[in-house]
Amino acid sequence: MIDFILSTIENEEQRNELAEFYEKYKKRLYSIALSKIHNEQDAEDAVQEVFSEIANKPEKFFELPPNRRIAYVDVMVRNISMKMFNAKSKEPIEPLTDDFDAETISLDDYLMDKISHDEIMTCVNQLPTMQRSVLIMRCLVGLSIDEVSQKLNITVTAANKHLTIARRTVRKYIDERHS
């Protein structure tokens with residue numbers, strides 16, 4: 001697919017330079033996308049989408065100094081990944097007025113019912129990368145803590161610690177806004 005995308009660039013020098021850029025940074029960009037989307041195929045699609053956008057308007061990319069291009073593309077892949085992630089979980093949740101009752105409802109259910117999806121994503125996006133990844137994979141994607149630790153290449157203990165801290169931060173965020 002990348003070969004097809006690159007073939008749409010008329011300037012051979014730019015095409016070769018972008019191909020080299022892709023080869024050099026494709027793993028980095030894929031990692032960024034995967035950390036946002038948590039789906040391997042979607043992460044690959046996000047990276048392809050970035051290069052498709054660059055190929056559509058190559059002058060924007062090539063006007064940048066070479067040392068600024070990776071930062072520009074990092075932002076592009078983050079934005080596209082988040083758009084893809086949000087598109088798959090589009091339905092906002094209406095806030096509820098009921099108070100949290102730990103005996104009848106789980107914390108995850110309470111949080112999802114108490115505030116809107118956009119508010120949750122605002123808070124989640126402010127978390128440190130590892131906490132955000134663990135929280136999304138466990139609570140939104142529904143992976144087990146073992147699966148999360150394997151995908152992120154961390155111990156189960158570390159995954160649980162990141163999850164606990166992330167949940168505590170989200171709970172504090174919600175309490176401050178809805179108390």
Side-chain angles (χ1 to χ4, degrees), residues 1-93 112 116-144 146-154 158-159 162-163 166 169-170 173:
M1 180 69 165
I2 191 67
D3 292 331
F4 174 75
I5 293 170
L6 293 173
S7 72
T8 63
I9 299 176
E10 293 178 17
N11 182 312
E12 186 176 349
E13 183 180 326
Q14 288 181 344
R15 185 172 47 248
N16 292 337
E17 193 173 337
L18 190 56
E20 287 176 25
F21 183 90
Y22 173 80
E23 286 303 318
K24 183 174 182 180
Y25 293 112
K26 67 182 175 184
K27 289 180 182 176
R28 171 186 174 147
L29 299 173
Y30 173 78
S31 295
I32 292 169
L34 187 60
S35 75
K36 304 291 180 205
I37 301 176
H38 308 291
N39 178 294
E40 293 174 1
Q41 184 59 51
D42 289 344
E44 290 175 12
D45 291 347
V47 173
Q48 297 295 324
E49 180 65 27
V50 166
F51 283 91
S52 179
E53 285 188 19
I54 292 170
N56 286 336
K57 294 184 181 177
E59 62 280 353
K60 195 170 183 179
F61 176 81
F62 289 105
E63 285 173 356
L64 294 170
N67 64 335
R68 300 287 300 145
R69 291 177 183 164
I70 187 58
Y72 172 73
V73 176
D74 280 353
V75 171
M76 286 181 71
V77 78
R78 281 187 187 108
N79 290 342
I80 288 171
S81 299
M82 290 309 297
K83 282 180 189 176
M84 290 173 73
F85 180 82
N86 289 335
K88 288 191 173 195
S89 56
K90 218 174 192 176
E91 198 172 309
I93 298 173
M112 293 301 288
S116 73
H117 179 267
D118 290 340
E119 286 178 295
I120 290 173
M121 291 313 297
T122 297
C123 177
V124 169
N125 285 333
Q126 294 172 357
L127 292 171
T129 303
M130 191 58 73
Q131 290 176 21
R132 179 177 58 241
S133 296
V134 171
L135 183 70
I136 289 172
M137 293 173 91
R138 177 69 187 106
C139 298
L140 299 179
V141 178
L143 299 178
S144 72
D146 289 332
E147 292 170 318
V148 170
S149 70
Q150 288 174 355
K151 286 198 177 284
L152 296 175
N153 200 24
I154 59 176
H162 288 298
L163 181 61
T169 303
V170 171
Y173 177 88

**Nearest-0.5 Å distance, OG1 of residue T8 to CD1 of residue I54** = 11.0 Å
**Message:** Give me the atom names and distance for the closest heavy-atom approach of V47 to A33.
**Reply:** CG2-CB, 4.4 Å
**Message:** Is any side-chain heavy atom of R138 closer than 4.5 Å to one of L143?
**Reply:** no
**Asked** Of all residues at least two apart in sequence or in a different chain, which pass the side chain to side chain contact (heavy atoms under 4.5 Å, CB included) check with Q41?
**Response** N39, E44, D45
**Request:** Return each pair, listed once, that meets salt bridge (Lys or Arg N to Asp or Glu O under 4.0 Å) where at least one residue sits in residues 3-13; pairs must be two or more places apart or across chains.
**Result:** none
**Asked** Shortest non-hydrogen contact from M76 to V50?
**Response** CE-O, 3.7 Å
**Complete:** For residues 64-76, the salt bridge (Lys or Arg N to Asp or Glu O under 4.0 Å) pairs (sequence neighbours left out) are E17-R69, R28-D74
**Request:** Could you note down all residue pairs passing ring-ring contact (aromatic ring centres under 6.0 Å, His included) where residues 26-54 supplies at least one of them, sequence neighbours left out?
**Result:** Y22-F51
**Test side chain to side chain contact (heavy atoms under 4.5 Å, CB included) applied to N153 - qualifying residues, sequence neighbours left out** = none
**Prompt:** With E63, which residues qualify under side chain to side chain contact (heavy atoms under 4.5 Å, CB included), at least two apart?
**Reply:** E59
**Item:** Distance (rounded to the nearest 0.5 Å) between M82 CE and N79 CG
**Value:** 9.0 Å
**Message:** Among residues at least two apart in sequence or on other chains, which ones pass ring-ring contact (aromatic ring centres under 6.0 Å, His included) with F21?
**Reply:** Y25, F61
**Item:** Flag side-chain contact, heavy atom, 4.5 Å: F85 against K36
**Value:** no
**Request:** Considering non-hydrogen atoms only, spot the tightest contact between M84 and D42 and give its length.
**Result:** CE-O, 3.4 Å
**Fill in**
Between the OH atom in Y72 and the NZ atom in K60, the distance rounded to the nearest 0.5 Å is 4.0 Å
**Request:** Looking only at non-hydrogen atoms, find the nearest pair between I37 and A46 and report the distance.
**Result:** CD1-CB, 4.0 Å
All N/O donor-acceptor pairs, side-chain side in residues 128-136, below 3.5 Å, sequence neighbours left out:
from, atom 1, to, atom 2, distance (Å)
T129, OG1, R132, NH2, 3.4
R132, NH1, N125, O, 3.3
R132, NH1, L127, O, 3.0
S133, OG, T129, O, 3.0

**Request:** Please round to the nearest 0.5 Å and tell me the distance separating atom CD1 of I9 and atom CG of N16.
**Result:** 9.5 Å
**Request:** If a pair satisfies side chain to side chain donor-acceptor pair (under 3.5 Å) and one of its residues is in residues 47-58, list it, with sequence neighbours excluded.
**Result:** none
**Message:** For a 4.5 angstrom cut-off between non-hydrogen side-chain atoms, does I70 reach L29?
**Reply:** yes
**Request:** Applying salt bridge (charged side-chain N to carboxylate O under 4.0 Å, His left out), name anything that partners K26, two or more places apart in sequence or on another chain.
**Result:** E23
**Contacts of R78 that satisfy salt bridge (charged side-chain N to carboxylate O under 4.0 Å, His left out) - sequence neighbours left out** = none
**Prompt:** How close do L6 and A19 get, heavy atom to heavy atom, and via which atoms?
**Reply:** CD1-CB, 3.5 Å
**Message:** Which residues pass the side chain to side chain contact (heavy atoms under 4.5 Å, CB included) test with Q150, not counting sequence neighbours?
**Reply:** none
**Message:** For E40, is the CD atom crowded, meaning more than 12 foreign heavy atoms sit under 6.0 Å from it?
**Reply:** no
